[in-house]
Colleague: 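My structure is below; once you've seen it, I'll send some questions.
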Amino acid sequence: MIHTQWKYLVSEIGPQLFGPSAKERVAEELSKRGTQGWELVTAHYDSAGMTTRLFFKQPA
């Protein structure tokens, strides 16, 4: 059986006063990482810090 080795990436989208909304920045990050071959594993929103973390993987 062949086991795939993975590498991982965590992107953090925090609060920003000016510019695109958090929703737009998350969508932009998802598109950017997708074109680079990263696969979204999960996302987590931290309401205390108003931060979204996106967890990606891709074959090593």
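These values consider heavy atoms only, across backbone and side chains, with no hydrogens, waters or symmetry-generated copies.
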Colleague: Going by the salt bridge (Lys or Arg N to Asp or Glu O under 4.0 Å) test, which pairs reach into residues 47-58, not counting sequence neighbours?
Modeller: Glu12-Arg53

Colleague: Write out all pairs satisfying side chain to side chain donor-acceptor pair (under 3.5 Å) with one or both partners inside residues 41-52, taking only residues at least two apart or from two chains.
Modeller: none

Colleague: If hydrophobic residues (ILVMFWY) are linked whenever their side-chain heavy atoms come closer than 4.5 Å, directly or via other members, who joins Ile2 in its cluster?
Modeller: none

Colleague: Does any pair with a residue in residues 14-26 pass side chain to side chain donor-acceptor pair (under 3.5 Å), and if so which ones, sequence neighbours excluded?
Modeller: Gln16-Arg25, Ser21-Glu24

Colleague: Mind checking who shares a hydrophobic cluster with Trp38, ILVMFWY linked at side-chain heavy-atom distances under 4.5 Å?
Modeller: Leu9, Ile13, Val26, Leu30, Leu40, Leu54, Phe56

Colleague: Where do Gly49 and Pro15 come nearest, in terms of heavy atoms and distance?
Modeller: O-CD, 3.8 Å

Colleague: By the salt bridge (Lys or Arg N to Asp or Glu O under 4.0 Å) test, which pairs, at least two apart or in different chains, include something from residues 27-37?
Modeller: Glu29-Arg33

Colleague: Output the distance between atom CH2 (Trp6) and atom CD (Glu39), rounded to the nearest 0.5 Å.
Modeller: 6.0 Å

